[in-house]
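Input: a single structure, listed below in structure tokens.
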There are 2 protein chains.
Amino acid sequence: MARARPTIADVAAHAGVSKGLVSFALNNRPGVAPQTRERILAIAEELGWQPSVRARSLSVARSFALGLVITRDPEIITSDPFYPSFIAGVERELSPAGQALVLSVVSNEREELASYRKLVADGRIDGAFITDLRHDDLRLGLVQELGLPAVTLGRPESRPGVSSIPAVAMEDAAGIEEAVDHLAGLGHRRIAHVAGPARMLHGSHRRQAFDTAMRRAGLEPDLVIETDFKAADGARATRHLLAGPDRPTAIVYANDPMAIAGLGVAQHAGLNVPGDLSITGFDGTDIGEHVYPALSTIVADPVRWGSAAARVLLRMIAGDPTEDVDLPPARFVRRKSSGPAPRTP
Amino acid sequence: MARARPTIADVAAHAGVSKGLVSFALNNRPGVAPQTRERILAIAEELGWQPSVRARSLSVARSFALGLVITRDPEIITSDPFYPSFIAGVERELSPAGQALVLSVVSNEREELASYRKLVADGRIDGAFITDLRHDDLRLGLVQELGLPAVTLGRPESRPGVSSIPAVAMEDAAGIEEAVDHLAGLGHRRIAHVAGPARMLHGSHRRQAFDTAMRRAGLEPDLVIETDFKAADGARATRHLLAGPDRPTAIVYANDPMAIAGLGVAQHAGLNVPGDLSITGFDGTDIGEHVYPALSTIVADPVRWGSAAARVLLRMIAGDPTEDVDLPPARFVRRKSSGPAPRTP
DNA sequence: CTCAGAGTCTATACCGGTTTAAATGCTGCG
DNA sequence: CGCAGCATTTAAACCGGTATAGACTCTGAG
């Protein structure tokens, strides 16, 4: 019969001391005689004692877990590479810290808020990641209201009150500007942007960066189509752009799946990429490297982003002072899908 | 000042009964007078009482959470669409059941086993999903040893002892056979297979299905290359196949990212797809639909798989009898990347 | 020699539920 | 009328930790 796992009381009994003292010893608290402490630790070791997260949770009112709520329509099978990588980065920090990651996937904003509330009400998490920031994001007020430590990915435009919500930001605008500069430098004048949803902060950031870079190059950023970041949207937007009267010679997409879909549409229409049309993506999925022609894109580092965000959040929960973190900006990587503008006929 | 949330003791005090009776009433246990029960429920409602998962966890020795351990190298940004969808399906069941999902991402098998152990030792989970089954999978013995309720995705080849590990299986072989039949029917004789890792059960299943279908069509399944499911592997395998002496006219890939990479390689080599080379994938990512030519592939339903697996696991934990579940088989979907075999020169 | 104070350690309450044994009240039967 | 038997309810233990007040050394200064 498997012996039940030892509790702190067993350790206390074996050591001939009280429970409380064992607790002190195990938590490196002062007030325990050095040799007693050692004896207790040795016995705990020998008995194979491990703390019960459950019991500790109840008594210290913490859960030793962090929460991530992802909002997306589950029916839409999207090969967004961000989350898997981001989560891997988060785990890398949590695991050694003895923390767990609680994941929730919901379909819409209503459920999203409800999910945060529920996770907190159930005492499942001690802190949360806020990803995919939106304009007037209700989650910022919510975590404040709930008193839930949180970190945002990217800087929110405004934080409620004298906020204590640190941001871990990666400047994605720089990459877009690089891409536009690159294209303009290749002689492109009609450059379009297939943007992400404007209500999402990174969607509009990238768009603003596009506008800025275009104006700086003396071009009018008038060919912009807003999408939902889905491959199908990218295809639709591309068809629309190519069917237009004065079609672009280059398209800057807000993510890789849309760029790849756009590439497909262009090729389907008989265009040569990059001969007739240059294309750039955003995110650096591994597939982009292998399509033909290889996709010029803007690469970020979601694994690192995850680690950084987790570190900030852990520090915050520990009560240490935190401040915003700036990660190295996303960089434009030239591959084969972008080239010189076609000679005007 | 925010009133602390009410405990069962508050409810008891307001109702003028004992804690124990409140607990009975709230859990629909017999032995409580109907009108007392109602009064208690009304007061609990009025006070906005919610059970404390933490306290309940400690006293009933359950965590009300399920675990998913994903093994993959975090540095490899892979756009595998399976997990996000699978998780969405799982969540759809867990959330209404008041259960949470604890996610762990690890880099290799050693960490994987350690992760299961840790999750159980910490009492974080009541059950686990076992995905990406391998031959002689150590996890089966482990969950048995740990007494951890578990469900496998797909049927393991053998289960330890008189196993109590139910499987939720989706017949993926059927799709591969359909694909081969389709290609053979179009006149292809040299059909290659870019397979997944042989140590993974679905990798070798798909390969077996390929062999079977080939033999049935009177063809020799001699062009098979084993890979690690990564896009880069797909590209490499394709280059190898195309450089060979007697190059194939069709390639069946074990997943979509590899197929898309293969498509890129073929096009890069100046081949027309499907004119010179037919290509099929596996998984039905949304991108496949939008590349040019649209990828013929085999579509599964990971969302449904997730829901089914979660249901089985929940039932198991509840102590209800469970049995294996068979989901509808993956189906071949013909799109544009497969066509008649080229006329032999 | 006494007493203050530091250093150790114990006893006990507490976190918020569940569970069990025992107490209470009521009904109906002999 | 007495008592078995049932339904209802209470009190208290328990899950496994943490936290706090107080008790018990021992030392050193006055």
Side-chain angles (χ1 to χ4, degrees), chain A residues 3-41 43-44 47-65 98 120-124 126 317-319, chain B residues 3-41 43-44 47-65 98-99 120-124 126 318-319:
Chain A
R3 196 158 43 259
R5 78 188 249 175
T7 72
I8 218 172
D10 298 321
V11 177
H14 277 74
V17 297
S18 69
K19 271 173 59 178
L21 196 62
V22 173
S23 175
F24 276 11
L26 292 167
N27 291 303
N28 289 321
R29 277 257 231 308
V32 183
Q35 88 223 37
T36 312
R37 177 188 308 269
E38 268 186 37
R39 187 159 44 93
I40 292 175
L41 293 182
I43 290 177
L47 294 178
W49 176 85
Q50 285 180 271
S52 154
V53 175
R54 279 177 195 145
R56 210 203 292 260
S57 282
L58 181 58
S59 88
V60 302
R62 296 211 353 198
S63 51
F64 306 100
V120 172
D122 285 354
R124 299 260 194 199
D126 299 329
I317 290 170
Chain B
R3 195 158 42 258
R5 80 188 249 177
T7 74
I8 218 172
D10 298 323
V11 176
H14 277 76
V17 298
S18 69
K19 270 172 61 178
L21 196 63
V22 173
S23 174
F24 279 2
L26 292 167
N27 291 301
N28 289 319
R29 278 259 231 308
V32 183
Q35 89 226 34
T36 312
R37 177 187 309 270
E38 268 186 38
R39 186 159 45 91
I40 292 174
L41 293 182
I43 290 177
L47 261 42
W49 176 85
Q50 285 180 271
S52 153
V53 175
R54 279 177 195 147
R56 211 203 292 260
S57 281
L58 180 59
S59 81
V60 302
R62 295 208 353 190
S63 51
F64 306 99
Q99 305 274 326
V120 171
D122 285 356
R124 298 262 194 196
D126 299 329

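Throughout, protein chains are lettered first and strands after them, A, B, ... in sequence-line order, and every chain is numbered starting at 1. Hydrogens, waters and symmetry mates are skipped; everything else that's a heavy atom, side chains included, is used.
- Atom pair R62(A):CZ and dG17(D):P shows a separation of 16 Å (rounding to whole Å applied).
- Using a 4.0 Å heavy-atom cutoff across all strands shown, G123(A) reaches no nucleic acid atom at all.
- In terms of position on DNA chain D, the residue among V60(B) and P34(B) whose nearest nucleotide sits closer to the 5' end is P34(B).
- At most 12 heavy atoms of other shown residues, nucleotides or ligands fall within 6.0 angstrom of atom CD in E38(A).
- Residue-to-nucleotide contacts include a donor-acceptor pair under 3.5 Å from the side chain of K19(A) to the base of dG17(D).
- Rounded to a whole Å, the CZ atom of R5(B) is 11 Å from the C1' atom of dG17(C).
- Here the closest heavy-atom approach between residue A121(B) and residue Q50(A) is recorded as CB-NE2, 4.0 Å.
- In terms of phosphate contacts, R56(B) brings a side-chain nitrogen or oxygen within less than 4.0 Å of OP1 or OP2 of dT18(C).
- As judged by a 4.0 angstrom heavy-atom cut-off over every strand, Q35(B) is placed among residues making no nucleic acid contact.
- Among the heavy atoms of the strands lying under 4.0 Å from S23(B) is at least one base atom, whether or not backbone atoms are also near.
- Defining each end axis of the helix from dC1(C)-dG30(D) to dG30(C)-dC1(D) as the rotation carrying four pairs' C1' atoms onto the next four, with five pairs an end, the two axes are found to diverge by 80° to 10 degrees.
- Per the geometry, CG belonging to L58(A) stands 14 Å off P belonging to dC15(D), to the nearest Å.
- Taking atom CZ of F24(A) as the reference point, atom P of dT18(D) lies 10 Å away to the nearest angstrom.
- Contact detail for F64(A) and R56(A): the closest heavy-atom pair is CZ-CD, 3.3 Å.
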Full working for side-chain contact (heavy atoms from CB on, under 4.5 Å) between W49(A) and L26(A): CA-CA 10 Å; W49(A) 176 85; L26(A) 292 167; 3.5 Å; yes
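- In terms of phosphate contacts, S52(B) brings no side-chain nitrogen or oxygen within less than 4.0 Å of OP1 or OP2 of dG17(C).
- The CZ atom of R54(B) sits 11 Å away from the C1' atom of dG16(C) (whole-angstrom rounding).
- In this entry the distance linking CZ of R29(B) with C1' of dT20(C) reads 11 Å, nearest Å.
- Dashed line: the shortest gap from a side-chain N or O of W49(A) to OP1 or OP2 of dG16(D) is not under 4.0 Å.
- Following rounding to the nearest Å, Q50(A) (CD) and dG16(D) (C1') show an atom-to-atom distance of 14 Å.
- Sequence order on DNA chain D of the closest nucleotides to A33(B) and P6(A) puts A33(B) first from the 5' end.
- Shortest non-hydrogen contact noted between R39(B) and A15(B) is NH1-O, 2.6 Å.
- Shown here for R29(A) and R37(A), the closest heavy-atom pair between the two residues is O-NH2, 2.8 Å.
- The distance between atom CG of L47(B) and atom P of dG17(C), rounded to the nearest whole Å, is 12 Å.
- Out of dG17(C), dC9(C), dA19(D), the shortest distance to the side chain of T36(A) is found at dC9(C).
- Nearest nucleotide to the side chain of L21(B), out of dT19(C), dT10(D), dT18(D): dT10(D).
- Of the candidates dC15(D), dT18(D), dT10(C), the closest approach to any side-chain atom of S59(B) belongs to dC15(D).
- Proximity of R5(A) to D10(A): side-chain heavy atoms (C-beta onward) are nowhere separated by under 4.5 Å.
- Between S18(A) and dT10(C) there is a side-chain polar atom (N or O) within less than 4.0 angstrom of OP1 or OP2.
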Intermediate values then yes/no, side-chain contact (heavy atoms from CB on, under 4.5 Å), S23(A) and I8(A): CA-CA 7 Å; S23(A) 175; I8(A) 218 172; 4.0 Å; yes
